[in-house]
Amino acid sequence: MEMPRPQAAILDKKDRVVERLHGILPDEAVIHEEHEVRAYECDALTAYRCPPLAAVLPATTEEVAAVLKICHEEGVPVVPRGSGTSLAGGALPTADSVILGVARLTEVLETDYANRFIRVQAGRTNLSVSGAVEDDGFFYAPDPSSQLACAIAGNIGMNSGGAHCLKYGVTTNNLLGVTAVLMDGTVVEIGGAHLDAGGLDLLGVICGSEGQLAVVTEATLRILPKPEGARPVLMGYDSSEAAGQVVSDIIKAGILPVAIEFMDRLCIRATDDFSGAGYPDCEALLIVEVEGSEAEIDAQLGVILQIARKYDPVAIRESQSPEESARIWTGRKSAFGAMGRLGDYICLDGTIPVDRLPEVLRRIGEMAESYGLRVANVFHAGDGNMHPLILFDANGPGQLEKAEALGADILRLCVEVGGCLTGEHGVGIEKRDLMTDQFGPDDLEAQMRVKDVFDPGWLLNPAKVFPLASSAGRRP
């Protein structure tokens with residue numbers, strides 16, 4: 001994946017830019033020595049690396065605005081960075097850019113239980129938002145697998161979801177408002193603490209914009225009362241097709257579980273060995289969780305188990321205690337870490353219509369065989385958000401390129417069956433050159449015109465999302 005070469009004129013003025021940044025931030029918040037900036041040379045898509053010009057760690061909206069104003073005046077590109085957990089290269093710098101990290105923006109600014117919202121600085125981790133309100137019986141619904149580390153800013157940038165998004169939605173369904181800073185340092189308030197906030201409805205434009213339009217510094221998030229109870233059931237099948245059909249039938253039956261998660265044999269064995277969850281020996285595993293009162297849970301699981309048994313499960317295990325529920329979820333939550341023990345992998349996140357799941361799983365298996373690579377499947381099956389994990393040897397000649405080619409074919413398959421390139425990881429650089437497989441020239445032009453309005457100089461998060469050939473005339 002080609003990254004633009006640094007502009008010599010900008011590299012030549014590094015000393016002046018760093019000096020100006022030191023003038024507005026504490027010394028420890030400006031990182032510019034060669035050995036220091038290497039910590040920011042990549043995100044979780046580690047196959048691609050590029051040390052930035054410098055990195056800054058502001059602690060307030062005002063400091064963010066001051067940083068952006070300087071970079072705007074100097075013509076220096078800025079790459080916003082949450083916790084660096086992006087799997088799509090969304091925070092990969094260019095050599096002429098300044099990384100703007102939000103890791104010091106972690107405060108809880110306001111909590112309002114009567115109106116069910118919390119306002120936080122955007123560097124706060126996802127899980128710690130629920131941690132701030134759980135003692136009072138509330139929680140924040142979106143729960144990416146990286147929730148222990150990922151920042152709210154990154155969740156907003158990529159419109160992240162998680163295992164429980166089937167019922168509660170993704171970030172955009174739980175975001176009420178943001179404070180954001182434009183590239184020229186202008187601070188804007190979008191949305192607010194209540195539904196139908198005044199002004200233009202631009203919140204949906206910001207959420208999922210991948211740092212292309214503004215840097216989010218504060219977020220107002222919807223919090224929900226904890227459910228009365230929840231119970232998962234684990235179901236094993238001798239084929240991925242059978243498990244996929246169960247998912248499709250549950251959705252068709254009008255049941256809305258809080259989560260439906262899928263793992264195939266390769267992932268089951270890796271996660272079980274890693275976590276000791278006690279998963280059954282099978283080809284495909286489903287974890288289905290419902291919530292409500294005991295009567296509601298029993299009624300929903302009754303229908304779900306009736307559907308499940310039609311497809312000859314090799315194992316069914318309904319949780320009988322909080323400890324057993326935790327064990328069932330432990331394996332799924334540790335899947336991505338567990339797979340790392342098997343080797344290097346690329347994690348995709350295309351989406352598909354739920355009723356095409358059995359077909360898509362079969363075709364992914366055929367594609368993997370034709371490439372001579374292994375693919376493990378673990379994903380949010382209820383809403384069709386797939387996460388194929390393509391295993392390869394990063395030290396083997398041509399292996400990365402082969403894995404990327406297979407990944408591109410899988411994502412094109414997702415588009416072919418009526419889905420899209422990304423569900424929650426974002427486009428970044430990973431899928432940038434596949435955008436033309438989903439969008440025509442007019443569609444891309446409309447999207448780029450939105451960026452023109454927010455960031456006329458195209459200095460925010462360069463070389464991401466839009467194919468370089470399409471955006472070449474707009475970039476400085």
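All values below come from the heavy atoms of this structure, side chains included, with hydrogens, waters and symmetry mates left out.
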Ionic contact status for [Y] with [X], cut-off 4.0 Å:
X      : Y      : result
Arg16  : Glu19  : no
Lys431 : Asp349 : yes
Asp455 : Arg474 : no
Arg332 : Glu261 : yes

So how far is it from [X] [atom1] to [Y] [atom2], rounded to the nearest 0.5 Å?
X      : Y      : atom1 : atom2 : result
Leu400 : Ile346 : CG    : CD1   : 5.5 Å
Asp96  : Cys50  : CG    : SG    : 8.0 Å
His387 : His380 : NE2   : NE2   : 3.5 Å

What's the shortest heavy-atom distance between [X] and [Y], and which atoms?
X      : Y      : result
Gly331 : Ser275 : CA-OG, 3.5 Å
Leu21  : Val56  : CD1-CG1, 3.8 Å
Gly123 : Ala151 : O-CB, 3.8 Å
Cys347 : Phe336 : SG-CE2, 3.7 Å

Criterion salt bridge (Lys or Arg N to Asp or Glu O under 4.0 Å) on Glu416 and Arg363, from CA distance to verdict: CA-CA 12 Å; Glu416 175 193 325; Arg363 292 179 63 181; 3.0 Å; yes

Please step through side-chain contact (heavy atoms from CB on, under 4.5 Å) for the pair Leu342 and Arg269, ending with a clear verdict. CA-CA 11 Å; Leu342 301 185; Arg269 294 276 57 83; over 6 Å; no

4.5 Å side-chain heavy-atom contact, Leu389 and Leu266: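 Leu389 vs Leu266: side chains apart.
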
State, yes or no, whether a side-chain contact exists between Leu361 and Met386 at a heavy-atom distance under 4.5 Å.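 With C-beta onward as the side chain, the pair touches.
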
Could you check Met158 against Thr422 for side-chain contact (heavy atoms from CB on, under 4.5 Å), going step by step and ending with a plain yes or no? CA-CA 9 Å; Met158 301 305 184; Thr422 179; over 6 Å; no

Regarding Glu430 and His425, is there a side-chain donor-to-acceptor distance under 3.5 Å anywhere?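 There is no such pair between these side chains.
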
Does the side chain of Asn385 pick up a donor-acceptor pair with the side chain of Thr351 at under 3.5 Å?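 No, Thr351 and Asn385 have no side-chain donor paired with an acceptor closer than 3.5 Å.
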
What residues, two or more places apart in sequence or in another chain, satisfy side-chain contact (heavy atoms from CB on, under 4.5 Å) together with [X]?
X      : answer
Gln438 : Val415, Cys420, Leu421
Val102 : Leu100, Leu105, Ala153
Ala219 : Ile152, Ile156, Leu175, Leu221
Val108 : Thr111, Ile118, Val120, Arg124, Ala132

Which residues share a salt bridge (charged side-chain N to carboxylate O under 4.0 Å, His left out) with Asp43, sequence neighbours left out: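 Expected list: none.
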
Please list every donor-acceptor pair under 3.5 Å in which a side-chain atom of residues 369-377 meets a protein atom from a residue at least two apart or in another chain.
{"from": "Ser370", "atom 1": "OG", "to": "Met367", "atom 2": "O", "distance (Å)": "2.6"}
{"from": "Tyr371", "atom 1": "OH", "to": "Asp409", "atom 2": "OD2", "distance (Å)": "2.6"}
{"from": "Asn377", "atom 1": "ND2", "to": "Asp264", "atom 2": "OD2", "distance (Å)": "3.3"}

Take a 6.0 Å sphere around CD of Glu34 and say whether it holds more than 12 heavy atoms from other residues, nucleotides or ligands.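 No.
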
Count the heavy atoms of every other residue, nucleotide or ligand shown that sit under 6.0 Å from NZ of Lys167, and state whether that count exceeds 12.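 Counting other residues, nucleotides and ligands, NZ of Lys167 exceeds 12 neighbours.
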
